[in-house]
Amino acid sequence: MATAASGTVKYGIVGVGMMGREHLINLYHLRSEGVAVVAIADPHVPSQKLALDLAHSYNWPIKVFAGHKELLDSLLCDAVVVSTPNMTHHHILMDIINHPKPHHVLVEKPLCTTVAHCKEVIEAATKRQDILVQVGLEYRYMPPVAKLINLVKGGSLGQVKMVAIREHRFPFLIKVNNWNRFNVNSGGTLVEKCCHFFDLMRLFAGANPLRVMASGAIDVNHKDEIYDGKVPDIIDNAYVIVEFDNGSRGMLDLCMFAEGSKNEQEISVVGDIGKGEAFVPESIVRYGTRVAGRDGVNTLKAENDQIKYDGLHHGSSYLEHMHFLSAIRDEQGPAVDLHDGLVSVAIGVAAQLSIEKGRFVTIEEVMN
């Protein structure tokens, strides 16, 4: 695996919209660990300027490119963060993986918008043992979620039987050229947004998905919006049930017109001996056992002293970058690998198809 030639790992960021700049800020807060952003690439000039101003405020001299190929050909970078619109991930990743110079990659979720494209990336990456590719499913690093994962892995809840995840939040934000308003660009809401939660379900269940049933619709948001004569087709609410191969089940309750919520995410994991819950952004974890009952439920504040910047995702992006940097330096596998990215997309694709067809959809069906 390729490593940085000097002590400093030099990063390029491809796509410097909101999330690209968020990555830039996180990397600045990791500067004491020997990282520097040396280049950015984005065809959108206003985004370029915002990122350039941010970098200059950090005294980071950076090169600006209109496209990712120019950034790669500059040979300036050891690692590349891909935070471009979803539908561009596939061809950008293929260009990075096939480039003569090895570049380690952190790609924002979803890995790609289709299962077929995810598989092509995985196949190409297997031929490049000199690079690592990590997928940006960072919700597993949010302190309350990480604490709940540890409780499950430690056996405190017993054998997990049910996982319920509720995300009640605000509508999708406005993005450059409104790309996220259409399924063809985003992969659909249950791929674009909810791959995070399907990744968590799989972690909690400790198993692989078998089949998916979903019901969803466009009920409130974006109905009065028109772009180039087209009305957005992204759903704004859904229920999704996922069945796993160890007999456990997961359920997602998504609502994107629920701004009047104390917590944006509420996660419940129930095993045969206990139950655990995580609340974000309250950063509270509750857990108890069947034997101890309601009076024995423990409540704790979940914190992580390693986090130097909370940012948009409660410190999880910072911790994600710590894991990515550690993988580069220690020449080890990524914390969240391409297979994780593939399965999270496959569940989302199955859920979108289930809504369209009005039936259960097997993972085998979408994988093939």
Side-chain angles (χ1 to χ4, degrees), residues 18-19 22 26 109 137-152 156-157 160 162-174 180 189-190 192-201 203-204 214-222 234-242 249-271 274-289 292-320 348 351:
M18 183 186 71
M19 273 311 301
E22 175 77 356
N26 275 282
K109 61 79 195 166
L137 294 166
E138 79 277 4
Y139 278 27
R140 56 174 70 189
Y141 300 129
M142 289 182 181
V145 178
K147 176 63 178 175
L148 187 53
I149 291 170
N150 288 338
L151 284 170
V152 170
S156 298
L157 310 183
V160 170
M162 302 177 74
V163 180
I165 300 177
R166 169 182 289 169
E167 180 171 66
H168 282 195
R169 53 163 280 171
F170 48 89
F172 279 120
L173 300 174
I174 295 173
N180 64 338
T189 300
L190 298 178
E192 203 287 328
K193 184 74 196 72
C194 301
C195 58
H196 277 305
F197 305 121
F198 300 137
D199 176 60
L200 293 180
M201 283 183 191
L203 271 178
F204 288 127
S215 173
I218 312 166
D219 284 332
V220 175
N221 298 337
H222 316 304
I234 48 170
I235 64 172
D236 58 16
N237 70 99
Y239 291 117
V240 182
I241 296 171
V242 184
R249 295 188 304 281
M251 183 189 74
L252 173 67
D253 166 3
L254 174 73
C255 181
M256 300 191 68
F257 46 89
E259 293 93 331
S261 303
K262 186 174 182 63
N263 286 294
E264 191 168 313
Q265 290 95 27
E266 299 179 359
I267 302 173
S268 168
V269 180
V270 185
K275 174 183 175 180
E277 297 174 284
F279 301 90
V280 180
E282 263 189 303
S283 207
I284 294 291
V285 173
R286 295 193 182 101
Y287 63 97
T289 65
R294 184 176 297 161
D295 292 340
V297 173
N298 300 283
T299 301
L300 57 87
K301 186 76 173 176
E303 298 174 324
N304 188 323
D305 293 337
Q306 291 180 297
I307 296 171
K308 295 181 180 178
Y309 173 68
D310 283 338
L312 299 176
H313 299 110
H314 314 290
S316 62
S317 295
Y318 181 87
L319 295 173
E320 170 184 58

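The figures that follow rest on heavy atoms only: side chains count, while hydrogens, waters and symmetry mates do not. Along the sequence shown, the residues carry numbers beginning at 1.
With contacts defined as side-chain heavy-atom distances shorter than 4.5 Å, the pair E303/P143 does not qualify. The shortest side-chain heavy-atom distance between V269 and Y287 does not fall under the 4.5 Å cut-off. Between E277 and V285, the closest side-chain pair of non-hydrogen atoms is not below 4.5 Å. Within the 4.5 Å cutoff, no side-chain heavy atoms of H313 are placed close to those of Y141. Side-chain contact between E266 and D253 is absent, with no heavy atoms from C-beta onward closer than 4.5 Å. Put simply, the side chain of D236 does not reach to within 4.5 Å of the side chain of T189, judged on heavy atoms. With contacts defined as side-chain heavy-atom distances shorter than 4.5 Å, the pair S268/V163 does not qualify. Residues V145 and I267 form a side-chain contact, since some pair of their non-hydrogen atoms from C-beta on lies under 4.5 Å apart.
Taking each heavy atom of P281 and E264 in turn, the nearest pair found is CD-N, 3.6 Å. Across all non-hydrogen atoms, the minimal contact from V240 to A351 is CG1-CB, 4.0 Å. Listed here is the closest heavy atom pair of L190 and F198: O-CE1, 3.2 Å. Contact between L254 and H168 at its shortest, heavy atoms only, is C-CD2, 4.5 Å. Taking every heavy atom of both residues into account, A258 and S261 meet most closely at O-OG, 2.7 Å. For the pair V280 and P144, the tightest heavy-atom approach, listed with the atom from each and the gap, is CG2-CG, 3.5 Å.
F197 meets the ring-ring contact (aromatic ring centres under 6.0 Å, His included) test with Y139; sequence neighbours excluded. In this view, R169 satisfies the salt bridge (Lys or Arg N to Asp or Glu O under 4.0 Å) rule with no residue, not counting sequence neighbours. Residues passing the salt bridge (Lys or Arg N to Asp or Glu O under 4.0 Å) test with E192, sequence neighbours excluded: K109.
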Assess whether side chain to side chain contact (heavy atoms under 4.5 Å, CB included) is satisfied between E22 and Y309, documenting all intermediate values. CA-CA 10 Å; E22 175 77 356; Y309 173 68; 3.3 Å; yes

F279 vs K262, side chain to side chain contact (heavy atoms under 4.5 Å, CB included): CA-CA, chis, key distance, verdict: CA-CA 9 Å; F279 301 90; K262 186 174 182 63; over 6 Å; no

Could you check L137 against C195 for side chain to side chain contact (heavy atoms under 4.5 Å, CB included), going step by step and ending with a plain yes or no? CA-CA 8 Å; L137 294 166; C195 58; 4.0 Å; yes

Applying side chain to side chain contact (heavy atoms under 4.5 Å, CB included), run through K193 and E167 and close with a yes or a no. CA-CA 10 Å; K193 184 74 196 72; E167 180 171 66; 3.2 Å; yes

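Rounded to the nearest 0.5 angstrom, R286 CZ and L300 CG are separated by 10.0 Å. L252 contributes atom CG, which lies 11.0 Å from atom CZ of R166 (distance to the nearest 0.5 angstrom). To the nearest 0.5 Å, atoms CE (M142) and CG (N304) are separated by 13.0 Å. The distance from the SG atom of C194 to the CG atom of L200 is 11.0 Å, given to the nearest 0.5 Å. The distance from the CG atom of N263 to the CD1 atom of I284 is 9.0 Å, given to the nearest 0.5 Å. The structure places NE2 of H196 at 11.5 Å from CD1 of I165, a figure rounded to the nearest 0.5 Å.
Side chain of K308 to backbone of N26: no donor-acceptor contact under 3.5 angstrom is found. Between the side chain of N221 and the backbone N or O of M256 there is at least one donor-acceptor pair closer than 3.5 Å.
By the 6.0 Å contact criterion, CD1 on I174 is open, its count of non-hydrogen atoms from other residues, nucleotides or ligands being 12 or less. For Q306, the CD atom is loosely surrounded, since the number of other residues' heavy atoms within 6.0 Å does not exceed 12. In this structure, M162 places its CE atom where only 12 or fewer heavy-atom neighbours from other residues, nucleotides or ligands lie under 6.0 Å away. Open room surrounds OH on Y239; 12 or fewer heavy atoms of other groups in view lie less than 6.0 Å from it.
For the residue pair Y318 and E138, no side-chain donor N or O sits within less than 3.5 Å of a side-chain acceptor on the partner.
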